[in-house]
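Report on the following structure.
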Amino acid sequence: MSVLTDLIYAGSDAVAGLTEGLVSDAINQYGAEKTIAFPDTAYFLPTIYAATGVKVKTLGDLPACVDVLKSLISKKEDLGEALNAGLATAVGAEIIEALKYVGKEDPYADEAGIGFVPDPVIRSLGVPLVTGDIPGVAVVLGKAEDASAAADVVKDYQSKGILTFLVGDIIDQIADAGVKMGLEFRVVPLGHDVTAVTHAVTVAIRAALIFGNITPGDLPGLLAYTKERVLAFVNTFGALNEIAVSAGAGAIALGFPVIVDIDLAENQVPGALESVLDHKETVKHSLNLRGIRIKIKEIPIPVAFAAAFEGEIIRKNDMHAEFSSQKNPAFELVAMRQENEVEDHKLTLVGPDIDGEAPVGLPLGVVVEIYGAKMQADFEPVIERKLHHWLNYIEGVMHTGQRNLIHIRIHKDAYEKGLRLKDLAEALYCMVMDEFDSVVDKCQVTLYTEKDTVAQLLDTVAMPRYDARDERLNSMNDESCDTFYSCILCQSFAPSHVCIITPERLGLCGAVSWLDAKATKELTPLGPCQPVPKEGCLDEVKGVYTEVNKAVEAASQGMVQNVTLYSLMQDPMTSCGCFECICGIEPFSNGVIIVNREYKGMTPLGMSFGELASMTGGGVQTPGFMGHGRHFISSKKFISAEGGVERIVWMPKELKDAVGDKLNATAKELYGIDNFIDMIGDETITEDPEALLNFLTEKGHPVLGLAPLM
Amino acid sequence: MPFKSTPQPFNAAINAVTVGVGDKAMTLGGENVLPLYTFDAPISNPPKIGFEITDTGLELAVPGIAALYEGAATIGERAKKAETLEGVDFISLKFAGADPNGENKSAEDCAAVAKEVAGATSLPIVVEGCGNAEKDAVLFEKVADALADKNVLFLSAKEENYKAVGAAVGLAYGQKVGAESSVDINLAKQLNVLLSQLGVKNENIAINPGSAAVGYGFEYVASTMERIKAAALSQNDTSLQMPIVTPIASEAFGVKEAIVSEEDMPEWGPAEQRGIDMEISTAVSAIAYGSNAVILRHPESVKTVSSFVKAMTE
Amino acid sequence: MALKGLDIFKITPKTNCKECGNPTCMAFAMKVAQGAIPLEKCPHISAEVMAELSEATAPPMKTIKIGAGDKEFTLGGETVLARHEKTFVSKPLYAVSVCTGQSDEKREKVLSALDTIDYDRIGERMYVELIEVNDGTGDKDQFIELTKKALTYNRTLVLSTTNAETAKEALALCKDEKPVLNGATPDNYQEMNAVATEAGVVLGVCADTLDALYDTVAALEGLGNKNLILTVSDKSMKDAFAFAVQIRRAALKNNDRTFGYPSLVHVNRLAAGDHNMQTALASLFTAKYGSIVVMEEMTYSQALPLYGLRQNIFTDPQKPMKVEPGIYPLNGADENSICMTTVDFALTYFVVSGEIERSGVPVNLLISDAGGYSVLTAWAAGKLSASSIGKFFDEFEIEKKIKNRTLVLPGKVAVLKGEVEERLPNWNVVVGTNEAVELVKFLKEFKG
């Protein structure tokens with residue numbers, strides 16, 4: 001460590017001394033009243049202004065700045081302190097560069113570099129930086145041993161839309177290699193002196209002032225902004241002197257990692273100062289280190305890709321190739337991996353492609369492997385479900401099914417146009433990166449077409465993964481989680497309705513599970529699903545939480561103040577109108593009936609589904625009545641405040657058949673009752689409340705022994 | 001027991017957003033009551049009336065509008081004439097010609113037009129784009145630069161281009177950003193939050209949560225605006241307290257009732273009056289549900305709606 | 001706070017006797033809670049309990065019926081201040097005004113327009129429902145003559161006079177048609193009440209201030225009359241709006257039932273002679289809290305926006321407006337023009353047809369029954385599918401009626417393409433745009 005800090009302090013000292021000397025020379029030459037300013041900026045000497053709030057206007061303002069600068073060089077054996085000394089170098093460099101403009105209109109007139117970057121340019125650069133159109137900023141400085149390798153690095157940045165600033169002799173090396181330069185080409189030479197790096201620094205700093213609303217003088221705010229929002233990094237080429245190291249320390253202080261091409265060995269600081277000796281790795285490593293991802297605009301495959309192709313049906317005679325779980329082992333899997341297990345944009349085909357005489361029939365294993373700092377295993381199925389859509393979006397590809405039951409056909413025309421299996425992988429990769437960029441950092445896609453390999457992967461990798469997911473779904477319960485989710489997807493037609501989604505209570509539409517809500521929140525942070533901390537429990541049995549009430553009140557704009565999670569009688573959850581089922585109390589038996597949307601007949605309550613829906617929907621609370629999803633019926637949390645599923649006395653036959661097995665299991669577990677479903681009435685038994693009561697008595701339905709509901 | 005007439009102002013208020021510079025600058029919002037409820041508390045910034053000028057001059061097809069502009073050859077001269085109209089609070093300059101599917105005028109040309117209009121009037125200026133999100137982002141940046149010191153409101157930043165528009169208009173040039181979302185309170189809220197996260201301050205944001213002519217899904221507009229005002233005022237939801245700006249002109253003059261000629265529908269009477277009635281009815285309804293500013297196309301509508309606002313708030 | 005259904009259920013006999021016309025006591029209780037039927041329908045609730053509860057179950061704003069037969073209308077009965085909270089139940093009615101002393105020419109113009117403006121918009125008849133007869137001169141005979149004339153136009157009348165004698169004679173002509181008698185003031189309410197009660201008609205109450213109006217209503221209620229309409233101030237626009245809002249707010253929000261009546265707004269007096277301002281005010285009071293909106297006249301150019309606005313605001317927010325399924329030929333389309341299909345949700349229809357009209361390209365727009373949902377919602381609910389489209393083609397014999405064989409689907413349901421092709425094998429099925437605004441370009445460039 002000490003080698004590094006020594007170098008930094010030595011460089012800072014050198015710059016401080018140089019600055020001090022130049023300042024006093026200038027004052028001697030021009031007088032303290034002489035104006036000092038960069039051209040076309042409202043931010044004075046931007047680094048000094050942003051860091052301290054001081055507006056340098058004349059040479060006489062400078063000595064105080066030099067004192068501040070010197071005070072930053074503490075010489076303490078501590079990396080943080082040393083980085084501050086690096087900031088001193090940045091300030092010194094800024095003063096030295098500003099002095100060049102004293103008494104000269106354009107000190108860079110005879111230079112390949114442009115020197116100071118004026119405000120209007122920053123304004124115009126700011127927009128693409130904010131929108132990500134310019135994905136990042138590279139500052140490349142030094143003199144390369146191998147000029148062509150350096151040029152390749154810069155060209156690579158250029159092709160990715162990265163804005164590259166050049167400082168030092170590398171400017172000439174890059175120019176000689178024929179790289180087009182200028183703002184419009186996003187390769188900008190700043191100057192040959194190492195102090196010209198300040199012109200890159202002030203760009204970042206003014207971006208913070210203009211686009212980050214940072215108050216001048218708010219140094220912590222400034223450093224936080226440049227670190228988090230200005231996606232810049234530094235590449236150095238060639239040997240480093242202490243001034244360059246010290247300037248690099250300044251970059252690191254601003255949050256910009258420095259990648260050097262000499263071996264720093266143990267002096268590397270992971271994440272901030274790293275050596276990459278192989279220039280072929282420089283770009284990739286730099287982008288990774290700064291977390292810069294390049295957006296793909298068009299998917300490079302030989303056929304069109306659009307939602308319009310989703311409905312395409314490929315008939316047997318038109319088909320060139322087919323993958324079908326009916327005929328061959330086939331599966332698709334999205335799996336989360338460790339960072340070192342995934343190489344971004346690696347597309348691999350293991351086994352034969354679809355070349356040959358139609359119809360080609362092959363096994364297929366589609367494995368999409370993902371790494372992401374924010375990725376969670378729970379998102380795997382969410383992304384996996386999208387594979388179906390994406391493959392269908394490809395012109396000439398038809399896809400049905402999921403997991404290990406899939407069926408894919410490829411059209412003859414698409415094959416003629418050159419579509420091959422790798423293109424499928426490319427499309428999947430691009431869409432994963434496009435739609436799930438908030439959670440996916442790296443993605444690789446591998447397609448397997450050898451029968452044995454596919455069969456083996458299916459057994460050893462895919463099936464265990466599917467089973468684990470199912471297991472997790474079944475084992476999740478409200479007790480073991482610490483967050484619920486609110487969902488307001490339906491508010492456009494039921495303005496005051498809010499669903500609270502818990503692991504054991506999915507949205508009443510039946511379409512949004514707790515996992516879906518969680519993923520929705522992660523993927524669209526401001527979207528319809530928001531986390532609700534499971535805190536402030538007021539009543540465990542009824543499921544009353546202060547945080548839930550707060551969330552419901554806020555999301556319903558004050559229309560609903562209190563909801564219970566598990567009670568039908570007290571503040572039941574509201575319903576929008578899209579509920580799959582309605583449950584309502586049946587007073588004669590003290591139980592509840594459940595009716596599903598599809599059932600058109602009458603219920604023992606004397607009301608049809610439609611009539612019940614009209615009083616339950618629209619986001620109003622109607623104690624005794626509640627909308628819910630089908631899956632909720634067999635939940636242990638179903639109106640558990642009132643005793644749970646043993647309150648159920650009547651359901652339409654179709655619904656009984658659909659949920660019977662699970663409901664029986666729940667009743668067995670909760671009450672030790674066998675074949676509970678047989679105790680429940682339906683329309684083939686009776687639609688009359690009195691006859692229903694007789695039926696329940698005859699069957700010995702447990703509800704008859706329960707406390708009254710009201 | 002006598003009637004208890006208790007004023008019911010709220011503890012929260014709509015943000016006051018100032019557009020334009022100098023004597024004629026206008027402030028939108030600031031009220032702590034529901035729209036036009038002066039009996040609850042005074043409304044110091046009554047809803048404002050904008051007059052729409054398009055770069056293509058498409059509105060000149062209406063005789064009453066053409067009459068206003070008699071003798072005006074350039075868009076600058078048109079702006080000058082528009083300024084003299086009684087009841088106009090601001091000029092809304094719409095770049096219909098920038099549409100890539102239409103004339104596809106360049107952003108630079110539009111910026112020159114904007115400069116010309118700004119030079120001709122001292123009224124506050126609202127800039128309306130062509131509606132193409134990508135083009136508007138480019139267009140607004142150039143116009144924001146050209147009108148750098150005019151404190152202009154840009155309509156609008158949408159979900160697709162809010163980053164570019166917010167950064168260019170709101171951050172780089174410190175102008176006012178109009179956030180447009182599609183008739184849904186939650187979408188409106190989401191866009192406002194996204195803009196604030198980008199760094200645009202709340203006092204620099206106005207919103208257009210959707211507009212429609214009456215009879216054409218106006219109920220969604222009405223309910224969305226009512227809910228936004230309710231959330232802003234009774235729930236003190238700071239992400240919905242932005243004043244609402246509603247472009248009425250193209251909606252009102254875009255529906256069949258205003259377009260079909262008298263020859264085709266003799267019993268309907270002259271098309272121009274139908275356009276005026278459609279515009280007045282839509283504008284007043286929008287104001288009743290929460291618009292803090294409306295943008296109109298016909299001088300007669302301006303006259304009526306401005307006297308209406310005056311009578312209701314003074 | 002209205003009672004919840006279960007609270008009402010508790011006081012029913014719980015015998016399911018069905019005498020109230022409902023199959024169970026629970027169904028009865030839930031309907032009472034919704035305000036759909038009165039508690040009195042149950043013959044088994046004791047008078048004591050009934051009295052105790054009638055106040056709690058009574059709606060905050062009374063439902064007032066005016067007119068008779070096919071000219072009967074319902075006013076009031078609202079339970080919410082904003083349509084998104086629940087549903088508005090009674091749309092405002094428009095009236096035109098005739099007045100004694102006004103020129104014949106003017107009167108003719110007002111009345112003759114009544115026959116012209118009578119059209120259908122998404123299944124609703126749009127016309128001026130009411131005529132107000134005004135006592136401009138105070139001359140009884142003129143008023144009677146004018147009433148007679150107005151009666152020939154087959155509209156329900158609002159008789160506006162503060163003269164009880166005049167009122168009595170006019171009512172003798174038409175009380176069976178249940179006109180509104182408008183003109184009870186703090187000074188004459190007793191006489192007017194006697195006339196209105198005897199004739200069995202709704203009485204309109206006017207006063208200069210909200211306080212005076214309130215006291216007069218309270219006095220009339222004291223006399224047993226709860227069949228009232230409240231006329232808002234015609235002193236200024238601002239006052240009129242203040243009256244309308246505060247009356248409605250007092251009733252619905254502050255639960256003050258004395259103001260729980262519909263309102264009548266004289267737009268004709270607030271902006272006499274100003275056509276455009278009347279459009280403005282009629283719009284304002286349609287949006288907020290006018291029950292009867294009186295205008296000097298109704299022209300077609302006013303009717304088009306006003307009826308559109310009213311239809312929008314007074315739809316049930318949970319029930320979308322629907323257009324009739326069928327073939328809609330646009331831009332002069334004939335059997336050789338291409339077909340496009342979309343759902344019957346009125347807004348979708350209007351937007352899509354509007355854009356097609358803007359394109360100028362002849363298109364047969366095919367609207368099938370999709371439950372009144374938007375494209376994606378209908379698709380998700382299974383109401384827009386290959387089989388629903390196929391069924392529509394069979395029922396409306398599209399293949400017989402149209403020779404062209406190109407069908408454009410909404411872009412959002414591209415997924416249906418394959419199935420539609422299978423269901424309609426003779427058709428070239430094309431996926432259209434996701435958004436209606438893209439249609440103009442799509443159609444202009446379409447070579448199908």
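This is a predicted model, so every value here is computed, not measured. Within every chain, numbering begins at 1; the chains are lettered A, B, ... in the order of the sequence lines, protein sequences first and strands thereafter.
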Whatever's closer than 4.5 Å to a heavy atom in chain B on C:Phe314 counts as neither

B:Gln235 atom CD, over 12 foreign heavy atoms within 6.0 Å: yes

Interatomic spacing from OG1 in C:Thr299 to CZ in B:Arg274 - rounded to 0.5 Å: 10.5 Å

Worked verdict on B:Tyr37 versus C:Lys288 for side chain to side chain contact (heavy atoms under 4.5 Å, CB included): CA-CA 11 Å; B:Tyr37 283 22; C:Lys288 281 207 165 169; 3.0 Å; yes

Restricting to non-hydrogen atoms, name the atom on B:Met312 and the atom on C:Phe241 that form the minimum distance, rounded to 0.1 Å. CE-CB, 3.3 Å

Mutual orientation of the aromatic rings belonging to B:Tyr220 and C:Phe345 [parallel < 30°, tilted 30-60°, perpendicular > 60°]: perpendicular

Charged N to carboxylate O under 4.0 angstrom, C:Arg249 versus B:Asp40? yes

Kindly compute the distance separating CD (B:Glu257) from OH (C:Tyr300), expressed to the nearest 0.5 Å. 10.0 Å

What part of B:Phe39 lies closer than 4.5 angstrom to a heavy atom of chain C: side chain, backbone, both or neither? side chain

Using modelled atom types only, decide if a donor and an acceptor are shared between the side chain of B:Tyr289 and the backbone of C:Ala287 within a distance under 3.5 Å. yes

Contact part of B:Ser307 toward chain C, heavy-atom cut-off under 4.5 Å: side chain, backbone, both or neither? both

From the list C:Leu347, C:Asn276, C:Ile313, the residue making the most non-hydrogen contacts under 4.5 Å with chain B is C:Asn276

Please walk me through it: do C:Leu304 and B:Asp277 pass side chain to side chain contact (heavy atoms under 4.5 Å, CB included)? CA-CA 8 Å; C:Leu304 292 169; B:Asp277 275 315; over 6 Å; no

Find out whether B:Leu36 and C:Leu284 are in side-chain contact, i.e. whether some heavy atom of one side chain is under 4.5 Å from a heavy atom of the other. yes

Quick one: are B:Gln8 and C:Asn254 in side-chain contact, heavy atoms under 4.5 Å? yes

Which bit of B:Val284 is near chain C, if near means a heavy-atom gap under 4.5 Å: side chain, backbone, both or neither? side chain

If you tally heavy-atom pairs under 4.5 Å against chain B, which of C:Ser236, C:Ala282, C:Ala242, C:Ala240 wins? C:Ala242

More than 12 non-hydrogen atoms from neighbouring residues, nucleotides or ligands closer than 6.0 Å to CG on B:Asp264, yes or no? yes

With no hydrogens and no angle check, just 3.5 Å: does a side-chain donor-acceptor pair link B:Asn101 and C:Glu438? no

Is the number of heavy atoms from other residues, nucleotides or ligands within 6.0 Å of CD (B:Glu134) greater than 12? no

Residue part contacting chain C, namely of B:Thr304, when any heavy atom lies under 4.5 Å: both

Please classify the contact between B:Glu314 and chain C as side chain, backbone, both or neither, with a heavy-atom cut-off of under 4.5 Å. backbone

Among C:Leu306, C:Leu309, C:Asn312, find the one that has a side chain to side chain contact (heavy atoms under 4.5 Å, CB included) with B:Ser285. C:Leu309

Are there over 12 heavy-atom neighbours, none belonging to B:Glu86, within less than 6.0 Å of that residue's CD? no

Given heavy-atom pairs under 4.5 angstrom as the criterion, report whether the side chain, backbone, both or neither of B:Ile259 touches chain C. neither

Take atom NZ of B:Lys135 as the centre, draw a 6.0 Å sphere, and report whether it contains more than 12 heavy atoms from other residues, nucleotides or ligands. yes

Rounded to the nearest 0.5 Å, what's the gap from CD on B:Glu219 to CZ on C:Phe88? Could you check? 12.5 Å

Looking at OG of C:Ser353 and NZ of B:Lys256, how far apart are the two atoms once the value is rounded to the nearest 0.5 Å? 6.5 Å

Within 45° cone and under 6.0 Å: C:Arg121 NZ/CZ vs B:Tyr216 ring: yes

For each of C:Met237, C:Gln246, C:Arg358, tally heavy-atom pairs with chain B at distances under 4.5 Å, and name the one with the top tally. C:Gln246

If I measure from the heavy atoms of chain B, does C:Gln311 come under 4.5 Å with its side chain, its backbone, both, or neither? neither

Measure from the side-chain N and O atoms of C:Arg83 to the backbone N and O of B:Ser223, and report whether any donor-acceptor pair falls under 3.5 Å. no

Heavy-atom cut-off 4.5 Å, strictly under: side chain, backbone, both or neither for B:Ala311 against chain C? both

I'd like to know which of C:Met277, C:Glu357, C:Lys253 tops the heavy-atom pair count under 4.5 Å against chain B. C:Met277

So do C:Phe350 and B:Val255 actually touch side chain to side chain, heavy atoms under 4.5 Å? no

Which atom of C:Leu210 lies closest to which atom of B:Phe3, heavy atoms considered: CD1-CE2, 4.0 Å

Do you know which two heavy atoms are closest between C:Lys238 and B:Thr38, and how far apart they sit? CE-OG1, 3.2 Å

